[in-house]
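Below is one structure, written out as structure tokens, with a few remarks after it.
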Amino acid sequence: MPIRNKFGDAHIDERRPSTLVLGIGGAGRNIVEDIGELPSSSVKIYEVGTSSRPPKLSFLSISREDMKDAYDSELEVKERPLTESEAKLKRLIKNFKIVYLIAGLGGKTGSWTVPTCAEISKSHCSLTMGLLAKPFESESKMRRELSEESQAESLKYLDMSAVFPNSRLLEINPNLPIKKAFEVMNRIIQLPILDLNSVITKRDIPQIKNFCKKIDEFKIGAAYGSGRKKGERAAKEALKSPWLGASTDFKKVFTIITTGKNEATIDAKDALDVIQRSWPEADIMWGLKEESGIKERMRVTILAGKQNKI
Ligand SMILES: Nc1nc2c(ncn2[C@@H]2O[C@H](COP(=O)(O)OP(=O)(O)OP(=O)(O)O)[C@@H](O)[C@H]2O)c(=O)[nH]1
Ligand SMILES: [Mg+2]
């Protein structure tokens, strides 16, 4: 029998783990810059990059040369003197329980920095998640190879990761201008921070880590539903999300249900039943949260993982 567990708490802010979100390199910075207002004061966001682009949020300046040296080193972070940029990153990262690393892999800054941050975070923090966009098929071979290599290196240290191939943007809407397309995608990439992270309490972290143990990569889908049967409608739409792909063999699924105030949980149960029918063998961890702006609607956010790790 698959497991269905509720986790988290929608109300108790003091039990929220301190959370750091790092938007690294051009893509990472774009994604965090338009994240908007955060639901909890326990979340801090930083842009990380070389200083030529004026930041909109708190900023941590690093040098590409330092990050290249770090990336190329055969030694683990603990076994060698840190570069100046790594030392700065470590001083920041070590103060948090949960760390999100956001970047577009394939570029130098993001690809070189994410694995090192993941390694530092693994030894100082409780949970590390990578939210990583991958280059278009049409980008250079060098970029695509760097992105694969950086992803594989990062996976050694990340507890959770979600990967977003940019090429899917074109399959979804080939005529959408690239800036608009990135905006659509960036909204999806932000969802774990806005939804998953808004229900997690400190107490949930070991259970979440355990749940993700054998999963290399999560796919994300989300949608709104309204009116009668809004839970069912939202879940059905979320399941059609292009970022989830066509796969049916998801084994571990987080579902975050966002409602207005005092919503009946019947709609939440409907949503979970729809998901379970689609993936009968999947274990589901689900959380419920409130958001005043959502009014009469319901949002269902799904993070679905296949069992990859041995
Ligand atoms: N989803 C998404 N992807 C982006 C965005 N901007 C760029 N990308 C993708 O991210 C990849 C990496 O690009 P950048 O983030 O600019 O690279 P960087 O980390 O700044 O590295 P360098 O500029 O080479 O130092 C690109 O190949 C694009 O496919 C964005 O706003 N959203
Ligand atoms: Mg750049």
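For clarity, every value in this text was computed on a predicted model and none was experimentally measured. When a residue number appears, it is its place in the shown sequence, counting from 1. Whatever order the structure lists ligands and atoms in, that order sets their numbers, starting from 1.
Checking side-chain atoms of Ser18 against main-chain N and O of Lys97 turns up a donor-acceptor pair under 3.5 Å.
In summary, the aromatic rings of Phe254 and Phe218 are positioned with their centroids under 6.0 Å apart.
No side-chain heavy atom of Leu196 sits under 4.5 Å from any side-chain heavy atom of Thr301.
Partners of Arg143 under the salt bridge (charged side-chain N to carboxylate O under 4.0 Å, His left out) rule, at least two apart in sequence or in another chain, are Glu139. With sequence neighbours left out, the salt bridge (charged side-chain N to carboxylate O under 4.0 Å, His left out) criterion links Lys269 to Asp273. Residues forming a side-chain contact (heavy atoms from CB on, under 4.5 Å) with Ala234 (at least two apart in sequence, or on another chain): Val300.
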Show the short N or O contacts, below 3.5 Å, that ligand 1 makes with protein N or O atoms; if there are none, say 'none'.
residue, atom, partner, partner atom, Å
ligand 1, 1 (N), Asn166, OD1, 3.4
ligand 1, 1 (N), Asn186, OD1, 3.3
ligand 1, 3 (N), Asn166, ND2, 3.3
ligand 1, 13 (O), Arg143, NH2, 3.3
ligand 1, 15 (O), Gly26, N, 3.4
ligand 1, 15 (O), Ala27, N, 2.7
ligand 1, 19 (O), Gly110, N, 2.8
ligand 1, 20 (O), Gly26, N, 2.8
ligand 1, 21 (O), Lys108, N, 3.0
ligand 1, 21 (O), Thr109, N, 3.1
ligand 1, 24 (O), Lys108, N, 2.8
ligand 1, 25 (O), Arg64, NE, 2.7
ligand 1, 25 (O), Arg64, NH2, 3.0
ligand 1, 25 (O), Thr109, N, 3.1
ligand 1, 25 (O), Thr109, OG1, 2.6
ligand 1, 27 (O), Glu139, OE1, 2.5
ligand 1, 27 (O), Glu139, OE2, 3.1
ligand 1, 27 (O), Arg143, NE, 3.2
ligand 1, 27 (O), Arg143, NH2, 3.3
ligand 1, 29 (O), Glu139, OE2, 2.7
ligand 1, 29 (O), Asn166, ND2, 2.9
ligand 1, 31 (O), Asn30, ND2, 2.9
ligand 1, 31 (O), Asn186, ND2, 3.3
ligand 1, 32 (N), Asn186, OD1, 3.0

